[in-house]
Structures are given as C-alpha cells and as structure tokens.
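Protein chains get the first letters and strands the later ones, always in sequence-line order, with residue 1 at the start of each. Both backbone and side-chain heavy atoms feed into the values below; hydrogens, waters and symmetry mates do not.
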There are 2 protein chains.
Amino acid sequence: MKPLSIKDIAKKANVSITTVSFILNGKAEKMRISQEMIAKVEKIIKELGFKPNQVARSLRTGNTKTIGLIVEDISNPFFASIARLIEDKAYKHGYKIIYSSTENNLDKARGLIKMFKSRQVDGYIIAPMVGMEEDIRELLTDRTPVVVFDRNLPGLEVSSVLIDNVEGAFLATQFLIQKGKKNIAFVNVDVEVKQIKDRFTGYEKALKASKIKADPNICKLIPFSNTAEETTNDLIDFFTANPQIDAVLFGTNYLAVRGLFCFKEMNKKIDKDFKVIAYDDHDIFQLHSPSISAVEQPTEEIADQVISLILKGLTISESFEEQQLNKVVLSSRLIER
Amino acid sequence: MKPLSIKDIAKKANVSITTVSFILNGKAEKMRISQEMIAKVEKIIKELGFKPNQVARSLRTGNTKTIGLIVEDISNPFFASIARLIEDKAYKHGYKIIYSSTENNLDKARGLIKMFKSRQVDGYIIAPMVGMEEDIRELLTDRTPVVVFDRNLPGLEVSSVLIDNVEGAFLATQFLIQKGKKNIAFVNVDVEVKQIKDRFTGYEKALKASKIKADPNICKLIPFSNTAEETTNDLIDFFTANPQIDAVLFGTNYLAVRGLFCFKEMNKKIDKDFKVIAYDDHDIFQLHSPSISAVEQPTEEIADQVISLILKGLTISESFEEQQLNKVVLSSRLIER
DNA sequence: TGCTTTTTATTAAACGGTTACATTAATGAT
DNA sequence: ATCATTAATGTAACCGTTTAATAAAAAGCA
C-alpha cells in the first residue's frame, strides 16, 4: 500500500495540493487561506496521520535538515557523549544527524565528506584529521556551515570549538610539581594534531616555570595504530627502563587506562611516591584505588557550543548571508583526587 | 556556484542525460552504450568530480540507502560500540546510518519512527521499548525491514538478535553459589522489558537448582529515571539495611559501576567474603582492585548479526519478496576474575 | 453600473535524477 | 529493393514537494 501523499490529502479535502502545502508549512495565514479551510484540511491530515515526504521536500527546497557528524570513533566515550548531546539538541531544532567514524583513515574521511555532499547534508560537524584541509575549504567556499571541534588544522580558517590544551596540560603538570615531583613523564599518542602538541607545550611550560629541565627520555609517544595490548606492553617497557620516574601525565584518557593496566601488571603502586594524572576524565579514574586525578573536558559545553555554532551557520546560510568565523576556546578543569 | 548536475555532464559530453544516467548506474552495457561513449563520459565525470544528487535519486527510486538506528542512549558504551560496528558494516554496503536516542521516552521513540518514515529510511534497527509494538507492526505491514536487538517486545513477531539472558544470569549466579555464597542479592533496573525479567529468572533458576530459597528482600529494583547519585544512595541504603548479603549480581554494567561507588563510599571491602558480579562487562571491572567478574555480551557478534539480518531484509524488500522472520539468540560468556 | 482592490484558491514549473518508450541509423534477410 | 531486426541514443513522464504566477470571486468605491 503506497504511503499517503499530499495529493491524497488534497483529493480528500477537495482542494488543490498548493492549499495543502501552504497549510502544512504554516503559510496559510500569509496566503490568506480561510480559517474553515485550514481547519478542514488540518483535520484530514491529522486523521490520516499524513507526514510529508521529506525527500521530495529536500529536493525542492535544497535543504535536508540533516547534519553530518564526522568523528574519529563514535564508540570512544568522549565522542559518544558529544554525539548524544549533539543529536539531542539538533533534534529539538528539527535536525537529524548522520554520523560516521573516520577510524583515522584519510581516504575514508574524505570519502565521507563526498558521500555527505551527495546526500546534501546542510552542515558538517567534524573532529578533523590531517589531510582534510582541502575538502573542508571546499565546503566553506560553497558556503556550507562547518564547525570543527576537539582539534583544528593549521592554516584552516573555520569555526571551531576547542579546548585550551596548553592550559590543561600546564595545570596538570603544575599539580604534579606541587606534589614535589621532579621526574615527571609525559605519555602521549603519536598523531600529527595541534591539540596533541599543545598538551606537550603545556607540560614543558609548567616544567620551565618551575625551573625543572625537561628530560626527552621520559616523554613517550605511543603509535596511534597500536592495539590495546601493544600499548600496555610499550608502557611496561617504558616504565621499566625509567625507574626514576616519580609521576606521569597521560595525554589521553585512553592512554591513562592503558597505563593503569600496565601498573597493575607491573605491580607498581600508585601512591604519594608515584603520582598519575590523566588528560580527559573517565569513570575509571574516580573509582580506581587510589583514585586518579584528571583534567576534565567540558563535554556538555563543547556540545552546546558546537550545536549553537552550527545552527547559527545554518540560519545564516538560509538567508544567503556571509558565513562568519567563530572560534570558541574552552577551559578544562583540574579534578584533584 | 550551483553544484553540478547530470545535465551539465550531458551538455559537456554532448549526449543526453539518459546516457549519462545509464553510465552512472552501470547499466551502460545492458543498454548497449558504445565503449567509446562510456569512456568519454566517464572521463568527464571524473574530471569534474561529479556525484549524483542522492536526494533526487531517492525521490525517484524510493530508496534512500539509509538505515535508522534507534537505541536508548547512544552514549552508553554498549550501544556506542554496536553503533560503531553497525555503521562500519553498513557503510561497506553503501548504507548510511541515522541514529537517535529514545532516552526511554516513549513519545520521543514514536516520534522518531515517524520522522524516519518521513525521511524514507530503508530499514530500521531498534533496541525497542515497551509501547512501540504498534509502530513496529505498522512498519512490518509496509514490508519495511526491521531488526530489533538487545530486547524484544512480547507478542511482537519481528526479526531479532537477542542474548540469552536467563542463561547469562544463571551462570553468574551459579558462579557465586559455587563460591559458597548463600545470601545473594540481585540488583536490577526497574523497566518493563523481558530482557530484564529474564535476568531475574536466571538468577532464581540458579538458586532453585542449588536449593537456596530466594529472598525477595535482597532483590532490589532501581528506578530507571534515577540520577547516578540517587542510584548510589539507594544502593547504600539497601546494603546498609541488609548486612547479611554476601554476594551481589548486578543486572547491568551501569548499576554495577554505581555499586562500586557505593561500596567505596561505605568502605565495604570486596573480597572472598563479599563477592560481586556484573551483567555486561566494562573496562572498569577488569581494572578494579580486586577485579570484578562479569557476564560479557558479544558486542561484535550482535552487530554482525544485526547488520546481516537488516541487509538481507533490504535485498528482499528490493525484490518485493515476502520478509522472513529471523530470530537469533546469542550466548553471553562468564568472565571469572 | 463598471472599475479597482482584496480575498481566496489554483495552475504549472521547477528540483535532479531514473526509466519506459520512441527514434534513428545501420545491418541482415529475403 | 523491401522489410525486419538490432544497436545506440534521445524524449519525456514521473517521484512528491514548494512556490511564482495567475485566476476567480467578493468587496469597495465612484
């Protein structure tokens, strides 16, 4: 049985499809459709439970009321919770989200943008990876609203919602220094993103501020492509080789979790003589014995800002005005445990 | 600058749009378009980077190559990881996912189905909630492929991928009994879903098998609407009031995490005298000291089965055949820690 | 009354593809 | 030479909306 169309409604109400369309879109008043007519048609629409075909509508109007969300991995708790908040807020404004994970694969990422384009998504929310610059720039010249978050790409002028990673890492490192630590290791993931480098900068800055000289030997980069087990093993090797380390700052929550596994396996106690702090919080850190301090990223605020920027961009693009550049930088919060 | 259309390609190649369309859709051979023509047109398409407008295509063909995913909460690790796997596999078959969280709100859930319908999604993957029966039945009579997973609804004949919850809870309880426990509490979430009841059934069954009589006083239901803090407090009250409890089975990983917070706050040791086991695993359980046993759900296999069922349904519906009913039940695995 | 203005509703052209059907040119059969 | 067949491409209808343009009827006004 074919789904209802505006034609069926029109026939049933004995009016033209235009009238129905006007009523559906709240343009009835403006088009001076009589109240009785409106009431009559609306009754029929409700009775039959008619919902206009969004695909046809999109074809005609050019907008799909859909936002494309591209992240590294939707199952990562950070992205998952952002995705949830974004979806919720977008929904309230009549937008739906199509998501995709790049898995840090540039070809897939670029393919996704192409695919989203062919599906005419109205706007893009992207946690970008190196190599996407040109594709994003292309979107911008088409006046498509784009908001990047979590990371940005050097030389790319696009609206963004970022965390002050220098500050966060600075606070975390300072915290360890205040606890009297001298040999503070820094463990980070090895990807070419400013965000990641900033964390290192913050770490260095805090050391310098306290006149501690940074030791490159206790700064460890873990390949992104590592499996969980490989990472744990790399960390075991690292900490075994550097017993002088008396504190560690982990650059991501994922790495810190691996670190905890590593310490468990090594039977290495976390206590006043060996401190651990993580960038990006996680339930585990609160529950762990002893509990682990962390730099918390304001997930909800990130989602809020992202969605409000994209919605702003969307209304701007509807009115054919020029897109504006908005750069939001949020602070992270040190949770001392 | 307006995006390219098939007309632009046709003009450039000096052919009709039909020819271009045939070539785009791989029907060139069947339509006996000459090789030189094909080569010429394909060259132009590649040069200009033309991608056909999927919206127009959808309007004409009636399928959007889109699957709607409805879960309770996309940020829940279980659903997030399923979402990731499903997206990945769907992508490989040319399908995209639109997702939404019901937040256990029936009105929202039903609204989502309506919205997905109006967007003409080709198929539905749903972790359903009570009250959606009629909406799902409607989809089925329209011959739309639907696969439910994680839970099913009584009286609803739809393809499903489920876990044997009776078995899982049985194994978990049996494990505690074998450790010599006599007063085994059961903590679960208070929602009207068979899945949840099954876990209780498994618990009861194991007790009965060992001739332990179940004590309703140490079976606790936590309201779904609780905040995390409320849950922790409820649990503290519960365990304080029932000091005789020597082991607990938590019905969901989320509740078990709350339980761990509760025990931490109560200063209650988890050891050979007080055992804890969780339904559905979580990184935290492995890392916790002591580590927590759990019943692990086979996420990847669930995703595999779900996607393969939905793809099967999708090809069936393309060929206008009758949809078949497939019921897959997977086992969960006891992880003893 | 005859003309303009306002009110109310309709007609028809898009939007960008797909595809049944029509057309033309070339080849083959008789 | 004539007609049927096949190869290769084009024409136009259609998918379900939105919306500019227009028409018809009612009202206002001299």
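- Rounded to an integer number of Å, the gap from A:L59 CG to D:dT17 C1' is 8 Å.
- Here side-chain hydrogen bond (donor to acceptor under 3.5 Å, both in side chains) pairs that include residues 107-120 of chain A, with residues two or more places apart or in two chains, are A:E103-A:K108, A:R110-A:D135, A:K117-A:E138, A:R119-B:T66.
- In this structure, A:V55 reaches neither bases nor backbone, as no heavy-atom distance under 4.0 Å exists between it and the strands shown.
- Atom pair A:K7:NZ and D:dC14:P shows a separation of 8 Å (rounding to whole Å applied).
- With rounding to whole Å, A:N14 atom CG is found 16 Å from C:dT8 atom C1'.
- With sequence neighbours excluded, the residues forming a salt bridge (charged side-chain N to carboxylate O under 4.0 Å, His left out) with B:R143 are B:E322, listed by chain and number.
- Atom pair A:R60:CZ and C:dA13:C1' shows a separation of 8 Å (rounding to whole Å applied).
- Interatomic distance, CD1 of B:I82 versus CZ of B:F149, reported as 5.0 Å (0.5 Å rounding).
- In this structure A:L162 satisfies the side-chain contact (heavy atoms from CB on, under 4.5 Å) test together with A:N152, A:S160, sequence neighbours excluded.
- Scored by the salt bridge (charged side-chain N to carboxylate O under 4.0 Å, His left out) test, A:K40 finds no partners at all (sequence neighbours excluded).
- The CZ-C1' distance, from B:R119 to D:dG16, rounds to 16 Å in whole Å.
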If you restrict it to nitrogen or oxygen atoms, what contacts under 3.5 Å exist between nucleotides 22-29 of chain D and the protein, and what is each distance?
none

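- Every residue was checked against the side chain to side chain donor-acceptor pair (under 3.5 Å) condition with A:S159, not counting sequence neighbours, and none meets it.
- For A:R57, the listed nucleotide lying nearest its side chain is D:dT18; candidates were D:dT18, D:dC14, D:dG16.
- Residues satisfying the salt bridge (charged side-chain N to carboxylate O under 4.0 Å, His left out) test with B:K43, not counting sequence neighbours, are B:E47.
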Would you give me the side-chain donor-acceptor pairs under 3.5 Å for residues 299-315 of chain A, sequence neighbours excluded?
residue, atom, partner, partner atom, Å
A:T299, OG1, A:Q297, O, 3.3
A:D304, OD1, A:K89, NZ, 2.6
A:S308, OG, A:Q305, O, 3.4
A:T315, OG1, A:L311, O, 3.3
A:T315, OG1, A:K312, O, 2.8

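- Regarding A:F50, its CZ atom lies at a distance of 10 Å from the P atom of D:dG16, rounded to whole Å.
- Evaluation of the salt bridge (charged side-chain N to carboxylate O under 4.0 Å, His left out) rule for A:R60 yields no partner, not counting sequence neighbours.
- Between the CD atom of B:Q120 and the C1' atom of D:dT17 there is a distance of 11 Å, rounded to whole Å.
- The stretch residues 16-43 of chain A touches DNA chain D through A:I17, A:T18, A:S21, A:F22, A:N25, A:K27, each having a heavy atom under 4.0 angstrom from the strand.
- As rounded to whole Å, 16 Å separates atom C1' of C:dT10 from atom NZ of A:K11.
- Remark: the B:T19 side chain and the B:S16 side chain contain an N/O donor-acceptor pair separated by less than 3.5 Å.
- Each end of the helix from C:dT1-D:dA30 to C:dT30-D:dA1 gets its own rotation axis from five pairs of C1' atoms, and the angle between them is 70° to the nearest 10 degrees.
- Partners of A:S34 according to the side-chain contact (heavy atoms from CB on, under 4.5 Å) rule, which considers only residues two or more places apart in sequence or in another chain, are A:E36, A:M37.
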